[in-house]
Amino acid sequence: MRELTVGKNDAGQRLDKFLTKSVKGLPMSMMYKLIRTKKIKLNRKRAEPNVMLNEGDTLQLFIREEFFDSPEKDTGALSSIVPKLDIVYEDENIILLNKRPGVLVHEDDEGKDNTLVMHLKAYLVSSGEYDPSSEQSFAPALCNRIDRNTGGIVIAAKNAAALRDMNERIRSGQISKYYLCVVHGRMEKKEDRLTAYLLKNEKTNTVDISPVPKKNYKEIITGYRVLAYRDGRSLLEVRLYTGRTHQIRAHMAFIGHPLVGDGKYGINREDRKDGYKYQALYSYRLRFDFSEGGECLDYLAGREYSLQKSSVWFCGDFFDSRSDSAPDNKSKNEGNSLDED
């Protein structure tokens, strides 16, 4: 028998969710059977799988030791990684990272070591803020995703309370996201707010856009304003009012202005010759429009964090006098320095 004590980062989740993360070798079907047959108890009493755990609760697990084996508890792999992070902002709860195009946020079939989340964990291990061997179910995690070939600000949580709070704020639309992108052609309007409907194709990992509502299509709203124009291309600031898969890329292509460098929703053969290895899209600004809820991240309400436009790899093409207008070189909150695509 092994006894586990629910710590601060373990509290506030269901018993079955906790077990899937803390006893990784235990098959899910067996886990439910062991709970049902009282081989897994909560505070020495029978419990339901959906019971919520509190800090200080104890679990008694009458299961074989081999189920507890987990390579995630070994800090050796993380200690061997030299973390390479571009930190935009950091405090005791969250960290904002500038992800470069070409970097994976999470592991894929090719491997897991050279990802943003692994470098995050290695950084927190080296700073003494994360010890995998002392955690039972929690690991530092990213709160939002950005595609491999897109760059921008990624939000990460250092503890479970911050992760739950930030994820809920994202779900309830309390974060405003702004992107910079380059599209083909001159926009018909200097500024606009576009509405359409989107359907994701899981097999092809692409989306279809419709100008009118259709069955299973979800509404998308994309705002933009033109910052500069040069050589048949427009530099835009885009605001996402909804956050659907590939929303900016697909929506811009749908109105006849595909992103430069985008081979999925445009033709990027000539763009690559001009140095656009990736689609010209960057999540460069976040604003926390938090309502007061008594949660641990209330202090972020009203704060805005951004990158200098000059640090975004494709913006330099629009800085000289040959463009119709030069975007400002400093972000609104530069002194504060601090999925879509």
Side-chain angles (χ1 to χ4, degrees), residues 99 101 105-106 142-155 164-227 229 232-268 271 278-291 293 304 339-341:
K99 186 196 87 71
V105 290
H106 291 106
L142 307 180
C143 304
N144 62 314
R145 286 173 172 261
I146 294 181
D147 280 354
R148 181 174 192 163
N149 292 330
T150 302
I153 301 175
V154 175
I155 307 168
R164 285 192 294 269
D165 193 5
M166 185 63 76
N167 284 341
E168 180 55 36
R169 308 274 193 177
I170 292 173
R171 278 192 293 268
S172 59
Q174 296 183 39
I175 298 180
S176 295
K177 294 187 239 180
Y178 297 84
Y179 289 72
L180 294 173
C181 70
V182 180
V183 300
H184 285 283
R186 185 187 288 269
M187 304 301 290
E188 289 71 22
K189 298 180 180 179
K190 287 288 186 181
E191 189 171 348
D192 203 357
R193 180 166 164 158
L194 309 170
T195 300
Y197 302 86
L198 177 150
L199 178 67
K200 183 177 181 180
N201 186 323
E202 297 287 352
K203 292 182 179 179
T204 62
N205 191 31
T206 58
V207 301
D208 182 58
I209 304 292
S210 168
V212 296
K214 289 184 179 181
K215 184 179 180 181
N216 297 326
Y217 280 65
K218 297 180 179 180
E219 184 182 49
I220 57 172
I221 303 173
T222 310
Y224 77 84
R225 67 186 180 98
V226 179
L227 300 180
Y229 176 81
R233 295 167 178 161
S234 299
L235 175 66
L236 311 180
E237 180 187 69
V238 176
R239 179 179 177 182
L240 284 179
Y241 292 92
T242 56
R244 309 294 184 193
T245 300
H246 296 174
Q247 178 176 323
I248 295 174
R249 296 165 64 187
H251 208 168
M252 289 296 141
F254 177 73
I255 65 171
H257 297 281
L259 266 64
V260 176
D262 190 351
K264 183 166 284 190
Y265 298 99
I267 300 174
N268 65 348
D271 299 336
Y278 309 105
Q279 63 254 12
L281 180 63
Y282 221 95
S283 175
Y284 89 110
R285 183 154 67 101
L286 294 175
R287 188 175 68 240
F288 295 121
D289 301 319
F290 289 178
S291 57
E304 183 175 302
D339 138 145
E340 196 268 31
D341 290 60

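Count residues from 1 along the sequence. Excluded from the calculations below are hydrogen atoms, water molecules and symmetry mates; all remaining heavy atoms, backbone and side chain alike, are included.
- For the residue pair Val260 and Val183, the shortest heavy atom distance occurs at CG2-C, 3.9 Å.
- Take Ser283 and apply the side chain to side chain donor-acceptor pair (under 3.5 Å) test, not counting sequence neighbours, and it matches no residue.
- Asn216 contributes atom CG, which lies 12.0 Å from atom CG of Leu198 (distance to the nearest 0.5 angstrom).
- Of the possible donor and acceptor atoms, none in the side chain of Lys214 sits under 3.5 Å from a partner among the backbone N and O of Ile209.
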Show, in sequence, the C-alpha distance, side-chain angles and deciding distance for Val105 and Lys99, and conclude whether the side chain to side chain contact (heavy atoms under 4.5 Å, CB included) test is met. CA-CA 8 Å; Val105 290; Lys99 186 196 87 71; 3.4 Å; yes
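- By the 4.0 Å N-to-carboxylate-O rule, Arg233 lies close enough to Asp271 to be salt-bridged with it.
- Here the CZ atom belonging to Phe254 is positioned 8.5 Å from the CG atom belonging to Asp208, to the nearest 0.5 angstrom.
- Looking only at side-chain heavy atoms (C-beta outward), Leu281 and Asp262 stay at 4.5 Å or farther from each other.
- A search for salt bridge (Lys or Arg N to Asp or Glu O under 4.0 Å) contacts involving Lys200 returns Glu202, not counting sequence neighbours.
- A side-chain donor-acceptor contact under 3.5 Å links Ser234 to the backbone of Gly185.
- Between His251 and Val238, the closest side-chain pair of non-hydrogen atoms is not below 4.5 Å.
- Side chains of Gln279 and Tyr265 form no contact here, defined as non-hydrogen atoms less than 4.5 Å apart.
- By the 4.5 Å heavy-atom criterion applied to side chains, Tyr229 and Lys190 are not counted as neighbours.
- The side-chain heavy atoms of His106 and Arg145, taken from C-beta on, include a pair separated by under 4.5 Å.
- Among the candidates Arg186, Glu188, His184, the single residue satisfying the side chain to side chain contact (heavy atoms under 4.5 Å, CB included) test with His257 is Glu188.
- Across all their heavy atoms, Ser291 and Gln174 have their closest contact at N-OE1, 3.0 Å.
- When all heavy atoms of Tyr197 and Tyr217 are compared, the pair lying nearest together is O-CD2, 3.5 Å.
- Looking at heavy atoms from C-beta onward, Ile175 lies in side-chain contact with Phe290 at the 4.5 angstrom threshold.
- Considering NE2 of His246 and NZ of Lys264, their distance stands at 4.5 Å, rounded to 0.5 Å.
- Among all heavy-atom pairs drawn from Ile146 and Val154, the shortest one is CD1-CG2, 3.8 Å.
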Test side chain to side chain contact (heavy atoms under 4.5 Å, CB included) on Leu236 and Arg225 and set out the steps. CA-CA 6 Å; Leu236 311 180; Arg225 67 186 180 98; over 6 Å; no
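- Using modelled atom types, one side-chain atom of Ser172 and one backbone atom of Glu168 make a donor-acceptor pair closer than 3.5 Å.
- Under the rule for a side chain to side chain contact (heavy atoms under 4.5 Å, CB included), the partners of Ser176 that lie at least two apart in sequence or sit in another chain are Tyr178, Arg239, Arg287, Asp289.
- For the side-chain hydrogen bond (donor to acceptor under 3.5 Å, both in side chains) with Thr242, the qualifying choice from Gln247, Glu219, Lys218 is Gln247, the only one to do so.
- Once rounded to the nearest 0.5 Å, the distance linking OG1 of Thr245 with CG of Leu199 reads 10.5 Å.
- Between the CG atom of Leu142 and the CD1 atom of Ile155 there is a distance of 10.0 Å, given to the nearest 0.5 Å.
- The heavy-atom pair separating Met252 from Leu194 by the smallest distance is CE-CD1, 4.1 Å.
- For the atom pair CZ (Phe288) and CZ (Arg169), the distance works out to 10.0 Å, reported to the nearest 0.5 Å.
- Between Tyr224 and Lys189 the shortest side-chain heavy-atom distance falls below 4.5 Å.
- Between Leu180 and Tyr284, the closest heavy-atom pair is CG-CD2, 3.5 Å.
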